[in-house]
Amino acid sequence: MTSSSLKLVKWSFLFLVLNHNFQNIEGCFDSIISFGDSLADTGNKLHITLNKIPPSHFSLPPYGETFFHHPTGRFSDGRLVIDFIAESFGLPLVPAYLEGKDERNYIVKFRQGVNFAVGGATALDSAYLLDKGVTSSNNVSLGTQLDWFKDMMSSFCKFPSECKEFLQNSLILMGEIGGNDFNYGFLGNSTKEEVESYVPAVIKTLSSAIQELIELGASTLLVPGDLPIGCSTAYLTKYMHSDKGQYDPKTGCLNWLNNFSQQYNELLQKELHLLRDLYPAATIIYADYYNAAMQFYASPKSHGFRKGALVACCGAGGPYNFMFSTICGDPAARNICSDTSVYASWDGMHFTEAAYKWIATGLLKGTFTFPPLPKICTDRFNPNVNQFYDSELFGVRYKV
């Protein structure tokens, strides 16, 4: 058989495997453990600010209106990527750690998943960022979330072997985390060069957390990259420019900010490659949030976003229906769309459920996960399928 014929056979087999397992991905993992920020928070920030006066904007309608029909602490009108992943695996929606840790049956509550993500959280701690001239509105870092995780695990298992087995059968979602480190800089007073100066520290922090989790027993970790921040409604509002050359003519996004995101993602992937060599028994998956989102930024109408992907559904007016002084949930933010499904941007900083669903679908199908997530599930059900898999088919070499 010629090499081209062999490659065609491999492609055909892999296509059948991936499509079969996207339909039968249920049962791939016993639980989901999540870290991150508002892109994954299912209620921790709400718990932290529960008694805040006036109430936090995301604790008020119209947040949560689409799926839950009331605010849940999610920074969206409905479900997030983590929710769609949980549903696809046949697992319950992942509960927020701070909302459930004091319940008498918390061990049972967290047996199929626990979420440590907090809206506004950073990878780096606030002291480090302050030293860089960056002020964050949150004292929760990835380190804080890891401390919560270790505290939970200390009483979660009777024996270390029990904890290790629990982690080995869990999917660990590493964020997205790190985006707020850049948001606080760019949306504050930092220059591009100043933000770039602490990119290596963000990646090192994320890498250290991954290594610590693997040492504790984690075997499958999904690590998202940065989103195309040049397409973010908030960024487009802050950096609005009369020079059309600053924008991508196809998407309307700011080129220099998207270039920053791409450069960060390249550095992150290089670090993940090193970690795969360091921990060959672990499965470290890169989740390409950037290109998963660029699908609908490049072609919003073909993805159902008839109102485009850049204008917020909920806001207080302006070219992009976003104002930093009056954000969604505030009484004065009265420009609220009647159909969230035709908008990609929810409140200017976060996506609608419809947009999150597109991203989640891309990850679950394997289109934007490397190595492909369905392939990982195939291996868990049938380890012998590895002999058919050639990582070069995806244009990147992976240790399999």
Side-chain angles (χ1 to χ4, degrees), residues 36-83 93-96 98-99 115 117-122 135-140 176 179-180 183-184 186-188 227 229 231-238 240 293 305 307-357 359:
D37 55 26
S38 57
L39 296 185
D41 187 357
T42 55
N44 285 312
K45 184 69 171 182
L46 181 63
H47 182 83
I48 292 172
T49 61
L50 202 56
N51 298 316
K52 183 174 177 287
I53 299 174
S56 299
H57 69 98
F58 61 88
S59 69
L60 301 169
Y63 283 87
E65 67 176 15
T66 298
F67 182 79
F68 302 98
H69 308 299
H70 62 86
T72 63
R74 289 167 175 79
F75 289 72
S76 183
D77 63 304
R79 290 166 292 182
L80 313 177
V81 170
I82 185 176
D83 296 315
L93 301 186
V94 185
L98 295 180
E99 286 188 336
N115 191 352
V118 178
T122 53
T135 303
S136 69
S137 61
N138 198 318
N139 289 322
V140 176
E176 186 268 352
N180 281 326
N183 291 339
Y184 292 133
F186 281 127
L187 298 178
L227 288 161
I229 60 175
C231 303
S232 163
T233 307
Y235 278 86
L236 287 166
T237 299
K238 179 174 175 63
M240 199 178 305
F305 301 123
K307 298 297 183 179
L310 305 180
V311 176
C313 163
C314 178
Y320 297 101
N321 195 28
F322 179 82
M323 295 182 181
F324 286 97
S325 59
T326 310
I327 52 181
C328 183
D330 289 345
R334 298 172 182 171
N335 286 5
I336 305 170
C337 68
S338 58
D339 184 359
T340 62
S341 70
V342 298
Y343 286 80
S345 176
W346 165 241
D347 59 5
M349 289 291 291
H350 308 93
F351 292 124
T352 58
E353 176 182 283
Y356 280 127
K357 187 173 184 178
I359 294 173

* Are C314 and C337 within a span of less than 2.5 Å, counting SG to SG? -> no
* Asked: Between D77 and T352, which heavy-atom pair has the shortest distance, and what is it?
  -> OD1-CA, 3.2 Å
* Asked: Between the main-chain N or O of A354 and the side-chain N or O of S341, is there a donor-acceptor pair closer than 3.5 Å?
  -> no
* Asked: Side-chain donor-acceptor pair under 3.5 Å between T72 and R74, yes or no?
  -> yes
* Asked: Between V118 and N138, does a side chain to side chain contact (heavy atoms under 4.5 Å, CB included) hold up when you go through it step by step?
  -> CA-CA 9 Å; V118 178; N138 198 318; 3.8 Å; yes
* So, for P71 and P61, which heavy atoms are closest and what is the spacing to 0.1 Å? -> CG-N, 3.7 Å
* Is there a donor-acceptor pair under 3.5 Å between the side chain of T42 and the backbone N or O of V94? -> yes
* Would you indicate whether the side-chain heavy atoms of I82 and Y356 approach each other to under 4.5 Å? => no
* Asked: Do you know the tightest heavy-atom contact between G348 and A312?
  -> N-CB, 3.7 Å
* **Side-chain donor/acceptor of T233 to backbone N/O of L310, under 3.5 Å** => yes
* Roughly how far, to the nearest 0.5 Å, is OG of S76 from CZ of F68? -> 9.0 Å
* Asked: When the aromatic ring centroids of Y184 and F186 are compared, is their separation below 6.0 Å?
  -> no
* Under 3.5 Å: donor-acceptor pair, side chain of E353, backbone of R79 -> yes
* Structure fact -> Distance col, row S345:OG vs Y320:OH, nearest 0.5 angstrom, shows 11.5 Å
* Asked: Crowded around D339 CG? As in, over 12 foreign heavy atoms under 6.0 Å?
  -> yes
* Structure fact -> On a heavy-atom basis, the closest approach of P319 and V311 is O-CG2, 4.0 Å
* To do: Establish, from distance only, whether the side-chain atoms of Y63 and D347 form a donor-acceptor pair under 3.5 Å.
  => yes
* Side-chain contact, heavy-atom cut-off 4.5 Å: K45 with S56? -> no
* Going by atom types only, do S136 and T122 share a side-chain donor-acceptor pair under 3.5 Å? -> no
* Asked: Is the backbone of D330 close enough, under 3.5 Å, to the side chain of H57 for a donor and an acceptor to pair up by distance?
  -> no
* **Audit row: F351, L80, side chain to side chain contact (heavy atoms under 4.5 Å, CB included) steps and yes/no** => CA-CA 9 Å; F351 292 124; L80 313 177; over 6 Å; no
* Kindly assign one of parallel, tilted or perpendicular to the pair F75 and H350, based on the angle between their ring planes and the thresholds 30° and 60°. => tilted
* Asked: Does L93 offer a backbone N or O that forms a donor-acceptor pair with the side chain of D83 under 3.5 Å?
  -> no
* To do: State, with a plain yes or no, whether a side-chain heavy atom of V81 is found less than 4.5 Å away from one of E176.
  => no
* Identify the heavy atoms of C328 and W346 that sit nearest to each other, and give their distance. => SG-CZ2, 3.9 Å
* To do: Return yes if some donor-acceptor pair links the side-chain N/O of N321 with the main-chain N/O of N335 below 3.5 Å, else return no.
  => yes
* Short question: side chain of T326, backbone of M323 - any donor-acceptor pair under 3.5 Å? -> no
* Asked: Would M349 and N183 count as a side chain to side chain contact (heavy atoms under 4.5 Å, CB included) if you check the C-alpha gap in whole Å, the side-chain angles of each, and the deciding distance to 0.1 Å?
  -> CA-CA 10 Å; M349 289 291 291; N183 291 339; 4.1 Å; yes
* Structure fact -> So NE2 of H70 and CG of L60: to nearest 0.5 Å the spacing works out to 14.0 Å
